[in-house]
Amino acid sequence: MRSACLLCLALLVAFVLAVVGSCVRYVPAATFVTTLFSEEILFAIRLSLATTAASTGAAMLIGIPAAYALSRYRFRGASLADTILDLPMVFPAVASGFALLLLFGYYLGDELAAHGWRVPHTQHGISVAQFFCALTIAVRTVKAALDSIPARLLDVARTLGSGEWRVFRRIMLPLARNGILAGTIMTWSYALGLFGPIMMFCGATRMRTEVLPVSVYLNTAVGDLEEAAAATVILLAIALGSLLLFRRLGGRGYLM
Amino acid sequence: MTLKPTDADVEPMVRVQGISIDLGQFTLRDVTLDVEAGHYLVVLGPTGAGKTVLLECIAGLHRRPRGEIFVGGERVTHWPPEARGVGYLPQDYGLFPHLSVFENIAYGLRERRAPSAVVDKQVPSAAQRLGIGRLLARSPVTLSGGEQQRVALARALVVHPAVLLLDEPMGALDLGTRAALVSLLGELHHELGTTVIHVTHDFNEVFLLAGRVAVLVDGRLLQEGTPEEVFAHPAHEQVARLVRTRNLWPADDLARVAAPGVARAASSDGAVVCCRPEDVMLTQERPADGLVLSGTIREVIPRGPIYEVSVDAGISVVALLSKREFAHLRSNPGDSVYVQIVEASTHILRGGDTCTAGRI
């Protein structure tokens, strides 16, 4: 029994390493450095950083109070709201992109355009898609961090003279800091690797909506495998770093 | 059963008036209670009686219970916890793990924007008084249960609350630490004169600390009085069980096996005769007076210096004998004995929620 289980575990680990290793092995180090500083990859890195900074910032800015509400308040519809916030995570990627296209194009497109804001097929759209798909992780991880704080501490702080905001600032935030930080990293990492919804909602246009995952797709499509592999290695490195940091910070939620 | 305020002329420090709340597992039903300024009230009740919920309602930790709560004459029913001036010490102490002992104790002072000089003077002073002066730089997670308890007490007391609410403060402590904490709580109450409401399921704490005791069972306040009153004259069968009145005999059963005089007590339906086990005497010779039953010793359980003797006398009788009394009895399980019950030490409960007490 023990040997069979350990063999299965070893096979799974080997499979993951084989998939990841094939990308790393494909690009010689010298070529990787040259490719990394190519105009196209640098553009993809810059666009990825800019869009994910916006989407992650927004997801955390709104996600933290939302997670606080789910964690601390008992209200009618809390369970339904909780379930609805899980939807972006389980929605098929293509369906998410299509639904975003319908909302921001078909339904709200004209309204938004009248105010000078076009979302589909733009770099703004990339952030919107990332925000939509990553908000579940933001809320989940922050809620897990807040839930882990015993309610008694908050009660005692209230009786010692703290209002609700002061309790959040002086007790909850310091105690949940690592969890919130871990959640932020995971949200950012997920947004950075998002492809399907961006492809559907914003399209894959070279040097325009070319974030790192789109770059992998575009370069693979035209047979430029070295650039595709370089972008993949960057994404893998970021994913690995995020995962390690997430674990080190004691993050909980979807991934733990 | 609700109890009317004890003295309408004196404004109580805490007045709980008809408080009801339903939290599913825990409920309070129409609880009314007054606590005079400077009094030490122990709320006694079994686990799940709603004792903690009562404290939480007074502290303002439940939104919108039915009824009214007054603290220091102010109606605080809808006030947030931070405005009530009530100190609260939960069962698990609720120390902030990310703050040092010093900062834990200073928390309430800082929230009141006390100047640093005041904080720097009052925190060590409170810590010294509670015997934790050497722990100020430590993290609370490194402290023993007794030390954590003292830190939590210092934190609650340093802001001079009008009322201190203690939720099973001895719950997680070993016997030695409990004894030290009992004397500390007694001393602090005497020194500071703070009004204290202390909930527990352990009636020993009642005798050690309480000026008055209120008994809460299933969310209802069944009796309130001095510890001696509640102990000697429980007003309800559940109260009697809680204060370990081990002998609760249906009066009909007692009349069947005892002298005819007891039949008077049996005349009311559902009457129960209570007798504390320490008031039951066991003898080999038939006593000349009192209520006398004859029976057989069923079981003897040594409890340290005390022996718990169960006797089958047609009804089940439990007696507590000192070591000397038991040795003098010279009896073992299976031996015949006489049970002598001094009628003055019995107490009759009549059925219904509003039991009246009397004697045989």
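What's counted below: heavy atoms across the whole structure, side chains too, no hydrogens, waters or symmetry copies. Lettering follows sequence order; numbering is per chain, from 1.
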Using non-hydrogen atoms only, which part of [X] is less than 4.5 Å away from chain A: side chain, backbone, both, or neither?
{"X": "B/Arg84", "answer": "neither"}
{"X": "B/Gln91", "answer": "neither"}
{"X": "B/Arg63", "answer": "neither"}
{"X": "B/Leu109", "answer": "neither"}

Task: Aromatic contact, A/Tyr68 with A/Tyr73 (centres under 6.0 Å) - done: yes
Open item on the list: One thing to verify: whether A/Arg152 and B/Glu56 come together as a salt bridge, which I'm taking to mean a side-chain N less than 4.0 angstrom from a carboxylate O.
Closed with: yes
- [ ] Run the salt-bridge test on B/Glu191 and B/Arg129 with the 4.0 Å N-O cut-off and return the result as yes or no.
- [x] yes
Task: Parallel, tilted or perpendicular: ring planes of B/Tyr40 versus B/His189, cut at 30 and 60 degrees - done: perpendicular
Task: Parallel, tilted or perpendicular, as decided by the 30° and 60° cut-offs, for the rings of A/Phe104 and A/Trp117 - done: perpendicular
Open item on the list: I'd like to know which of A/Gly161, A/Pro150, A/Ser162, A/Gly163 tops the heavy-atom pair count under 4.5 Å against chain B.
Closed with: A/Ser162
